[in-house]
Amino acid sequence: MWIVPEREIAGLVSRADAFDAVEQVFAAMAAGEAYNFPVVREAIGHEDALYGFKGGFDRPGSALGLKAGGYWPHNLEKRGLINHQSTVFLFDPDTGKPEAMVGGNLLTALRTAAASAVSINHLARKDARVLGMVGAGHQATFQLRAALEQRDFDRVIGWNRHPEMLPNIAKVAEEAGVPFEAVDLPGLRDADVIITITSSFAPSLMAEHVAPGTHLACMGTDTKGKQEVDPALVAHSRVFTDEIAQSVSIGEAQHAIASGDLAEADIAEIGAVINGTHPGRADQDQITLFDGTGVGLQDLAVAARVVDLAKAQGVAIEVDV
Ligand code: NAD
C-alpha cells in the first residue's frame, strides 16, 4: 500500500491534472460506468465535529474507495490546524486490497475548483470575458484560479458579504495578470460567468443581478439548508449538475425543487454534455447553471492521479498492511 502525505500534494498535481480527472469521472458517471455510494455524515458528539464518508466506484478509471473526514470547528483556534480534515483511501477493485492513502485537504479544493472549471469549459459562452465571483474565502481562491484558465477573461469582478475578505481573490486575479474590481450585486450583470462559493444559508444572487447568456457555477451549497441563489433564477436557468440525486437534496436546486418551480427532470448531468449526449448551452442568451454539489468520485479520481504521479516521482511511501 502507498501513502502520499498531504505535504506532497501541492508539488504533484496540477490544475490540468485535476481538470482531466474530474472531467473523465463526470463523463463516466453520466455513462453509468461510475457511481457514488450513499454519503454518511455524522455529528459525533465530540469537539462539535461532523465526520463522514463519501465513496464510490469508477470502473473505467479503476478507482474504488472513499474520502473520510469532515469539519472540526475548533481545530484552528485550539491547535493551529485547519478545520476541514480529510483523507482518501483507495482499494484495488480486483482484489479489495488497500492500495493507497492520500492526504485529502488540498485535493478537496483542487477537485472542487476543477468541477466548476469543467462546467465553464463546457457551458460558458466562448466569448465570455468578464468573470464574476460571489465569495472570497478559502475555496474562492482555488475556484478563481482554475476558472481563469477556461476562457480569455480580461476582468474579474467580485462581491462578498464580508468585503474585508475580497483582497483574497483580488490577489489571485492580479497574480494571474487580470485586473480585479469590487462591485455591488447589481454590478455582477457585467459578468459572463459567475461563480458562487459561500457558506450562506440565504440567497444573495438574485435574478436581476444576472444578465442573459451568463453561466453560473454554484459551488457553495453542499448541504441541506444552504442557499446562495434566488430559486427563481435557478428555475429560469438551464440546470446542470454533477449528480442529480445530490442536486435535488443538498445542492442549490433543492430550494427550487421544494417550491415546485423546478422538476428533477429539468436537471441534466454535466457528464452528458462532456459525452456529447446532451447539447449543453442552447443559445447565446440562455442562462446555464451548474449545481456543483461535490461527489466522492471526484476525490477518488484526483487521488488516483496523485498516486500515479507520486509513484513516478518517487515520493510515495510504501508500507505493508
Ligand atoms: P470559508 O469559510 O473560507 O469562506 C466562506 C465564504 O462564505 C466567505 O466568502 C464568506 O464571506 C461567505 N459567507 C459566510 N457567511 C455568509 C452569509 N451568511 N452570506 C453570504 N456569504 C457568507 O469557506 P470555504 O472553505 O471557502 O467554503 C465555502 C463553501 O463551499 C462552504 O459552504 C463549503 O461547504 C462549500 N464547499 C463545497 C464543495 C463542493 O464540492 N461543492 C467543496 C468544498 C467546499
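For ligands, and for the atoms within them, numbers begin at 1 and follow the listed sequence. Throughout, numbering of the chain's residues begins at 1 and tracks the sequence. Computed from heavy atoms alone, side chains included, the values below leave out hydrogens, waters and symmetry copies. From a predicted model like this one, the values you see are computed outputs, not experimental measurements.
For ligand 1, the protein residues placed under 4.0 Å by at least one non-hydrogen atom are R111, T112, G135, A136, G137, H138, Q139, N160, R161, H162, M165, I197, T198, S199, S200, M219, G220, D222, K226, G292, T293, G294.
The line from OG1 of T141 to CE of M165 is 10.0 Å long, rounded to the nearest 0.5 Å.
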List, one per line, each side-chain donor-acceptor pair under 3.5 Å for residues 53-63, sequence neighbours excluded.
from: K54; atom 1: NZ; to: G294; atom 2: O; distance (Å): 2.7
from: D58; atom 1: OD1; to: G61; atom 2: N; distance (Å): 3.1

**Asked** Between F180 and E174, does a side chain to side chain contact (heavy atoms under 4.5 Å, CB included) hold up when you go through it step by step?
**Response** CA-CA 7 Å; F180 175 83; E174 278 150 21; 3.8 Å; yes

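A donor atom on one side chain and an acceptor atom on the other are found under 3.5 Å apart for H122 and E23.
Relative ring orientation between F290 and F26 is described as tilted, the plane-to-plane angle lying within the 30° to 60° band.
Test R238, H215, R125 against T288 for side-chain hydrogen bond (donor to acceptor under 3.5 Å, both in side chains) and you get one pass: H215.
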